[in-house]
Amino acid sequence: MAQPDDMFGDDDYPAYTMGRAAEITGASQDFLRRLDDAKLITPFRSAGGHRRYSRYQLRLAARAREMVEHGTALEAACRIIILEDQLEEALRQNEDHKRRQKNDA
C-alpha cells in the first residue's frame with residue numbers, strides 16, 4: 001500500500017477539499033457542484049460525505065471555468081472537455097500500441 005506522502009503525487013488521489021479546490025481553480029463551490037451535476041467530474045466522497053478532488057479533476061474544473069468565462073455554455077464546455085480528454089487518451093493508447101508493435105517486430 002502506498003504511503004500517504006506518495007499519494008499526494010498521484011494525479012488521481014482525492015487530496016483537496018471543496019473549499020481548497022475552489023481556491024485553486026478560481027471557481028466558486030457552486031460552480032464545482034454544477035460540474036458534478038454536468039458529469040464532468042465526480043468527486044470522491046469522504047466517510048462524512050464531503051467532496052474531495054484530485055489534481056486531475058482540478059485541471060478539468062479550471063479548464064471549464066476558463067471556457068465559461070469566455071462565453072461557452074457550461075454544458076458545451078463540459079462536452080468539449082470530455083471529448084478532448086477522450087481524444088488524448090485514444091492518442092496515448094494508439095502510441096502505446098505502435099510502440100508494442102515495433103518492439104514485437
Side-chain angles (χ1 to χ4, degrees):
M1 182 172 177
Q3 295 299 316
D5 289 342
D6 295 338
M7 291 185 231
F8 284 102
D10 180 352
D11 270 0
D12 295 319
Y13 181 69
Y16 303 95
T17 63
M18 177 178 272
R20 185 69 180 124
E23 287 176 25
I24 291 169
T25 61
S28 68
Q29 291 184 17
D30 181 60
F31 184 79
L32 294 175
R33 285 185 202 95
R34 289 175 39 214
L35 294 179
D36 188 6
D37 293 341
K39 307 286 189 256
L40 177 62
I41 54 177
T42 303
F44 175 80
R45 294 291 184 140
S46 69
H50 300 282
R51 291 175 173 90
R52 304 285 294 194
Y53 297 87
S54 69
R55 286 190 294 185
Y56 170 74
Q57 290 172 324
L58 296 184
R59 284 194 299 274
L60 295 180
R63 175 83 172 114
R65 181 193 52 78
E66 181 180 286
M67 292 177 75
V68 168
E69 284 180 354
H70 286 96
T72 305
L74 178 67
E75 295 77 19
C78 291
R79 185 67 183 139
I80 290 167
I81 293 167
I82 288 167
L83 290 170
E84 288 173 342
D85 201 48
Q86 289 172 342
L87 175 59
E88 185 178 316
E89 177 63 16
L91 292 171
R92 187 194 62 75
Q93 288 178 2
N94 190 34
E95 284 301 314
D96 288 348
H97 180 70
K98 285 180 185 178
R99 198 173 304 115
R100 282 193 306 272
Q101 282 185 325
K102 184 177 179 180
N103 290 338
D104 291 344

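This structure is a prediction, so every number in the text was calculated from the model and none was measured.
In this structure, the side chains of Asp85 and Tyr56 come closer than 4.5 Å at one or more pairs of heavy atoms.
Counting all heavy atoms, side chain and backbone alike, Tyr53 lies closest to Ala21 at CD1-CB, 3.6 Å. Of all heavy-atom pairs between Pro14 and Phe44, the closest is CB-CB, 3.7 Å. Shown here for Arg59 and Asp11, the closest heavy-atom pair between the two residues is NH2-OD2, 2.8 Å. The minimum heavy-atom distance linking Ala61 with Phe31 is given by the pair O-CE2, 4.0 Å.
Considering only residues two or more places apart in sequence or on other chains, Glu95 meets the salt bridge (Lys or Arg N to Asp or Glu O under 4.0 Å) condition with Lys98. Not a single salt bridge (Lys or Arg N to Asp or Glu O under 4.0 Å) links Glu75 to another residue, sequence neighbours left out. Under the salt bridge (Lys or Arg N to Asp or Glu O under 4.0 Å) criterion, Asp96 pairs with Arg92, Arg99, sequence neighbours left out.
We find the CE-OG distance between Met18 and Ser46 to be 11.0 Å, quoted to the nearest 0.5 Å. The structure places CD of Gln57 at 8.0 Å from CG of Asp12, a figure rounded to the nearest 0.5 Å. The structure places CG of Leu74 at 9.0 Å from CG of Asp37, a figure rounded to the nearest 0.5 Å.
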Under 3.5 Å donor-acceptor pairs involving side-chain atoms of residues 64-71, not counting sequence neighbours:
unit_1: Arg65; atom_1: NE; unit_2: Thr25; atom_2: O; d: 2.5
unit_1: Arg65; atom_1: NH1; unit_2: Glu69; atom_2: OE1; d: 2.9
unit_1: Arg65; atom_1: NH1; unit_2: Glu69; atom_2: OE2; d: 3.0
unit_1: Arg65; atom_1: NH2; unit_2: Thr25; atom_2: O; d: 3.4
unit_1: Glu66; atom_1: OE2; unit_2: Arg63; atom_2: NH1; d: 3.4
unit_1: His70; atom_1: ND1; unit_2: Glu66; atom_2: O; d: 2.7

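In the hydrophobic clustering, Leu87 connects to Leu91, either directly or through intervening members, whenever side-chain heavy atoms lie under 4.5 Å apart.
Residue pairs meeting the salt bridge (Lys or Arg N to Asp or Glu O under 4.0 Å) criterion with at least one member in residues 15-32, sequence neighbours excluded: Arg20-Glu23.
The only option from Thr42, Leu32, Asp36, Ile41 that meets the side chain to side chain contact (heavy atoms under 4.5 Å, CB included) definition with Arg51 turns out to be Asp36.
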